[in-house]
Student: 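I have a structure here, written as structure tokens, and I will follow up with some questions on it.
Only this structure's heavy atoms are used, side chains among them; waters, hydrogens and symmetry mates stay out. One is the number of the first residue; the rest follow in order along the sequence.
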Amino acid sequence: MERKRRFPVNLYNKLEEKLRSKPENEGREAAKEAADDGLIKCPKCGKQVERARVVKRKYVCYECGGYFRVRTNNRIRMVADPKTFEPWFEEMEVSNPLNFEGYEDKLAAAREKTGLKEAVTVGRCKVFGDDIVLGICDSRFMMSSMGHVVGEKITKAIERATQLRLPVFMFCCSGGARMQEGIISLMQMAKTSAAIKKHGDAGLLYCSILTDPTTGGVTASFAMLGDVILAEPGALIGFAGPRVIKQTIGQELPEGFQTSEFLVEHGFVDGIVTRDELKKTIHFLIKAHQCTGKTYANFTEDTGYKFELSENLKEQTWNTEPLSAWDKVKGVRQVDRPSAVDYMENIFDIFEEAHGDRGFSDDKALIGGIAFLEGQPVTVVADLKGKSFEECQERNFGMPLPEGYRKALRLMKQAEKFHRPIVSFVNTSGAFCGIEAEERGQGEAIARNLLEMSGLKVPVLCILIGEGGSGGALATAVGNEVWMMENATYSILSPEGFASILWKDSSRAQEASEVMNITAQDLKRLGVIERIVPEFGGAGAETAEAIAGYMKEHIKEFLAKYDGVDGEQIAAERYARFRSF
């Protein structure tokens, strides 16, 4: 999303400057490559462009922004700290399992042409000083098709990463399974997937970065199994390529089909990563997924932060008369009421949004991702309604579809795996109830969230910042603690619906709101919530920063309370909380 905080640029600039103080011969290969030819043809726009300028832009066309395919050594230079890459398993025995005629000659020709031993290179390196296992597929070697040596190198690298407890970052590129190896190639799909499962069971990060093209058996195995899946802009990604689809079933693919952007929209990829952000993104993910066990208050920045009202708010006087329930209902429905993003910008140092449920689409009514709170990684999920008519339409007025709840659950289960606490901002009139929601299992999606959230072994804090409508709100509000903003509401359904069902007259909505016990004060009295967040005269542009400051201080207190607490106990306390109602 556009309003997220970016990486701490000064920090990374200093790191890059330190890493650049290296021997003179470092980078000669890139310089030589740039000087080899004056002009090269862009694969996207077809224009002849200056090679040196393209190399300087990390192999991105300066005319159209199109991405050139990248050789293995160039990719290593983009990602790894200088002189830190250590290749593994380079001398592996090659065989011709099907005795396919001419296969050995084809392999020899590919080695001669590329200078590589096989289509994938794996090894260990450092990224801003942190160790990772890196894998890179190179399309120049038989279109990076997956034969038994490719599968074996990837599997052995993941197995060694598991032993060393290191994250794995795999740059995927392939035309699919290697035809000359037939069924043996197919078996590599299962083998690599099994290794990833063991790596994941050890609580370690596996991230795949999809580049152009990623198709076939690679797409159906290690490319799409990342805890985090990223893609370069405009990459072709699909199980069956356009030519195969046309020749097999006669379908012509529409424009923009099987691109990175298409996969983000349809929920299969967490996000697009540009090459200028690539190394910083990898480092962000390393830090965000480092297992900290029972440490939930790992604040590394000694900011000395203490919440205090700003002078202008201290000097203000506001109406202290409590609002009626109906006034609160009308207030939380105002389009200019601050959203979760407005508070998040003042609570967290960085927020990076993750997209999609990995099954159908990316529901924009419910966002989620990883944030840092003074150095402590947390997972954040939030309902978003929109601030303009166009945005409200795009976000379905904050009413999530099943894929929204499934995205939230995917991110929360990932948070549990990596011991990240969860903060959920709730603001929805309810789950969307249209035909498409029913077709895709709205009830099941909500029920699944309630089931899984109840057993999460990390602290979960839920904050109702506006409307909390029915099961659609509860689906992301099963927390160890639940807070409400002073003028927020939380109800079994809307007052209009309540009046319509009980009194057969929706015009009695105002009357219904007064008897439903839907305000923060009502729910604090009933024991449904633990804390009321003050609004300092009413949530708005002038008070959003102060409200966020109050939240930030008390979120830190919440996390500190669970520091060192066993995951089973955290889940048991959450169970007991809801068991008491």
Student: With a 3.5 Å distance limit and no angle check, can you tell me whether Asp349 reaches the backbone of Glu374 through a side-chain donor-acceptor pair?
Tutor: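 Looks like yes, one N/O pair under 3.5 Å.
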Student: Which pair of heavy atoms, one from Cys392 and one from Val335, lies closest together, and at what distance?
Tutor: SG-CG2, 4.1 Å
Student: Considering non-hydrogen atoms only, spot the tightest contact between Thr211 and Cys173 and give its length.
Tutor: OG1-CB, 3.3 Å
Student: Does the pair Val380 and Val378 meet the rule for a side-chain contact (heavy atoms from CB on, under 4.5 Å), with working shown?
Tutor: CA-CA 6 Å; Val380 180; Val378 299; 3.9 Å; yes
Student: Under a 3.5 Å distance rule, please check whether Arg165 uses its side chain to pair with a backbone N or O of Ala202 as donor and acceptor.
Tutor: yes
Student: Is a side-chain donor or acceptor of Arg574 paired with a backbone partner of Leu456 at a separation under 3.5 angstrom?
Tutor: yes
Student: Using 30° and 60° as the class limits, which term best fits the ring planes of Tyr550 and His554: parallel, tilted or perpendicular?
Tutor: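 Tilted.
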Student: Indicate yes or no: at least one non-hydrogen side-chain atom of Lys58 is less than 4.5 angstrom from one of Val70.
Tutor: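 Counting from C-beta outward, Lys58 and Val70 never come under 4.5 Å.
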Student: Is the shortest distance from a Lys or Arg side-chain nitrogen in Glu403 or Arg410 to a carboxylate oxygen in the other one below 4.0 Å?
Tutor: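 Salt bridge: no.
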Student: Could you check whether any side-chain N or O of Ser424 sits under 3.5 Å from a backbone N or O of Thr476, counting only pairs where one atom can act as donor and the other as acceptor?
Tutor: yes
Student: Can you give me the closest heavy-atom contact between Cys207 and Leu285, atom names plus distance?
Tutor: SG-CD1, 4.0 Å
Student: To the nearest 0.5 Å, tell me how far Glu573 CD sits from Glu481 CD.
Tutor: 9.5 Å
Student: Under a 3.5 Å cutoff, is there a donor and acceptor pairing between the side chains of Gln376 and Arg420?
Tutor: no
Student: Does Lys44 NZ have over 12 foreign heavy atoms under 6.0 Å away?
Tutor: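 Atom NZ in Lys44 is crowded, with more than 12 foreign heavy atoms closer than 6.0 Å.
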Student: Let's go through Ile209 and Val273 carefully: what are the C-alpha distance in whole Å and the side-chain angles of both, what is the deciding distance for side-chain contact (heavy atoms from CB on, under 4.5 Å) to 0.1 Å, and is it a yes or a no?
Tutor: CA-CA 8 Å; Ile209 302 103; Val273 59; 4.3 Å; yes
Student: Can a donor-acceptor pair be found, under 3.5 Å and without considering hydrogens, that links the side chain of Asn480 to the backbone of Ile570?
Tutor: yes
Student: Applying side-chain contact (heavy atoms from CB on, under 4.5 Å) to Ile286 and Val127, what does each step give before you reach the verdict?
Tutor: CA-CA 9 Å; Ile286 296 167; Val127 177; 4.1 Å; yes
Student: Taking the six-membered ring of Phe128, is NZ or CZ of Lys279 closer than 6.0 Å to its centre and within 45° of its axis?
Tutor: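 Yes, cation above the ring, under 6.0 Å and within 45°.
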Student: How far apart are the C-alpha atoms of Asp357 and Arg440, what are their side-chain angles, what is the distance that settles it, and do they pass the salt bridge (charged side-chain N to carboxylate O under 4.0 Å, His left out) test?
Tutor: CA-CA 12 Å; Asp357 65 340; Arg440 299 200 286 272; over 6 Å; no
Student: For Lys417, give me all partners under side-chain contact (heavy atoms from CB on, under 4.5 Å), at least two apart in sequence or on another chain.
Tutor: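 Per chain and number, Lys417 pairs via side-chain contact (heavy atoms from CB on, under 4.5 Å) with Asp227.
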Student: Sequence neighbours left out, what passes side-chain contact (heavy atoms from CB on, under 4.5 Å) with Phe432? Give chain and number order.
Tutor: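 Listed in chain order: Asn396, Met399, Leu401, Glu436, Ala437, Gln442.
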Student: Run the salt-bridge test on Lys280 and Glu352 with the 4.0 Å N-O cut-off and return the result as yes or no.
Tutor: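 No, this pair does not count.
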Student: Is it the case that Lys556 places NZ or CZ above or below the six-membered ring of Phe299, under 6.0 angstrom from the centre and within 45 degrees of the axis?
Tutor: yes
Student: Donor-acceptor pair, distance only, cut-off 3.5 Å: does the side chain of Glu353 make one with the backbone of Gly368?
Tutor: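 The answer is no, because no donor-acceptor pair under 3.5 Å joins these two groups.
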Student: Count the heavy atoms belonging to other residues, nucleotides or ligands that lie under 6.0 Å from OH of Tyr575, then report whether that count exceeds 12.
Tutor: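 No, OH of Tyr575 has 12 or fewer neighbouring heavy atoms, counting only those of other groups under 6.0 Å.
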Student: Between Ala235 and Leu210, what is the shortest heavy-atom contact and its length?
Tutor: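 Ala235 and Leu210 have their closest heavy atoms at CB-O, 4.2 Å.
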Student: Quick one: salt bridge (Lys or Arg N to Asp or Glu O under 4.0 Å) pairs with a partner in residues 362-371, sequence neighbours left out?
Tutor: Asp362-Lys407
Student: Let me confirm one number: the CD1-OG distance from Ile229 to Ser208, rounded to the nearest 0.5 Å.
Tutor: 4.5 Å
Student: As an exercise, state the distance from CD1 of Ile237 to CE of Met224, rounded to the nearest 0.5 Å.
Tutor: 7.0 Å
Student: Within a radius of less than 6.0 Å around CD1 of Ile492, do more than 12 heavy atoms belonging to other residues, nucleotides or ligands occur?
Tutor: no
Student: Considering non-hydrogen atoms only, spot the tightest contact between Asp563 and Tyr296 and give its length.
Tutor: OD1-N, 2.8 Å
Student: Is a salt bridge present between Glu391 and Arg395, judged by a nitrogen-to-oxygen distance below 4.0 Å?
Tutor: yes
Student: Between the side chain of Ser470 and the main-chain N/O of Gly472, is any donor-acceptor distance below 3.5 Å?
Tutor: no
Student: Rounded to the nearest 0.5 Å, what separation is found between the CD1 atom of Ile196 and the CD1 atom of Ile158?
Tutor: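 With rounding to 0.5 Å, CD1 (Ile196) is 4.5 Å from CD1 (Ile158).
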Student: Decide, yes or no, whether a salt bridge links Glu496 with Arg333 under the criterion of side-chain N to carboxylate O below 4.0 Å.
Tutor: yes
Student: Set out, in order, the CA-CA distance, both residues' side-chain angles and the distance that settles salt bridge (charged side-chain N to carboxylate O under 4.0 Å, His left out) for Lys287 and Asp130, then state yes or no.
Tutor: CA-CA 9 Å; Lys287 295 301 184 186; Asp130 285 306; 3.1 Å; yes
Student: State which residue, out of Lys198, Lys197, His199, fulfils the side chain to side chain donor-acceptor pair (under 3.5 Å) condition with Asp201.
Tutor: Lys197
Student: Before you tell me yes or no, could you show the steps for Thr519 and Asp522 under side chain to side chain donor-acceptor pair (under 3.5 Å), namely the whole-Å CA-CA distance, both residues' side-chain angles and the distance that decides it to 0.1 Å?
Tutor: CA-CA 5 Å; Thr519 69; Asp522 293 326; 2.9 Å; yes
Student: What do you reckon, is NZ of Lys191 surrounded by more than 12 foreign heavy atoms closer than 6.0 Å?
Tutor: yes
Student: Listed by chain and number, what are the side-chain contact (heavy atoms from CB on, under 4.5 Å) partners of Val332, not counting sequence neighbours?
Tutor: Arg337, Glu467, Thr489
Student: Counting only N and O atoms by type, is there a donor-acceptor contact under 3.5 Å from the side chain of Ser429 to the main-chain atoms of Ser494?
Tutor: no
Student: Not counting sequence neighbours, which residues clear side-chain contact (heavy atoms from CB on, under 4.5 Å) with Leu186? List them please.
Tutor: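 Testing Leu186 for side-chain contact (heavy atoms from CB on, under 4.5 Å), a comparison that skips the adjacent residues, returns Ile183, Met189.
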Student: Can a donor-acceptor pair be found, under 3.5 Å and without considering hydrogens, that links the side chain of Asp383 to the backbone of Asn427?
Tutor: yes
Student: Please report the closest heavy-atom contact between Asn487 and Glu535, naming both atoms and the distance.
Tutor: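 Heavy atoms only, the tightest pair is N-OE2, 2.8 Å.
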Student: Please confirm whether the backbone N or O of Tyr343 pairs with a side-chain atom of Asn346, one donor and one acceptor, at under 3.5 Å?
Tutor: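 No, Asn346 side chain to Tyr343 backbone: no donor-acceptor pair under 3.5 Å.
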Student: Kindly compute the distance separating CD1 (Ile367) from CG (Leu384), expressed to the nearest 0.5 Å.
Tutor: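 With rounding to 0.5 Å, CD1 (Ile367) is 4.5 Å from CG (Leu384).
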Student: Set out, in order, the CA-CA distance, both residues' side-chain angles and the distance that settles side-chain contact (heavy atoms from CB on, under 4.5 Å) for Val133 and Tyr206, then state yes or no.
Tutor: CA-CA 10 Å; Val133 171; Tyr206 172 66; over 6 Å; no
Student: Can you measure from CZ (Phe262) to CZ (Phe268) and round to the nearest 0.5 angstrom?
Tutor: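 Taking CZ in Phe262 and CZ in Phe268, the distance rounds to 8.0 Å.
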Student: Got a sec: does the CD1 of Ile435 have more than 12 other heavy atoms crowding it under 6.0 Å?
Tutor: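 Open: at most 12 neighbouring heavy atoms sit under 6.0 Å from CD1 of Ile435.
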Student: Quick one: do the Asn298 and Thr295 side chains pair a donor with an acceptor below 3.5 Å?
Tutor: no
Student: More than 12 heavy atoms of other residues, nucleotides or ligands under 6.0 Å from CZ of Phe397: is that the case?
Tutor: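 Yes, enclosed.
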Student: Looking at residues at least two apart in the chain, or sitting in another chain, which of them share a side chain to side chain donor-acceptor pair (under 3.5 Å) with Arg448?
Tutor: Glu444
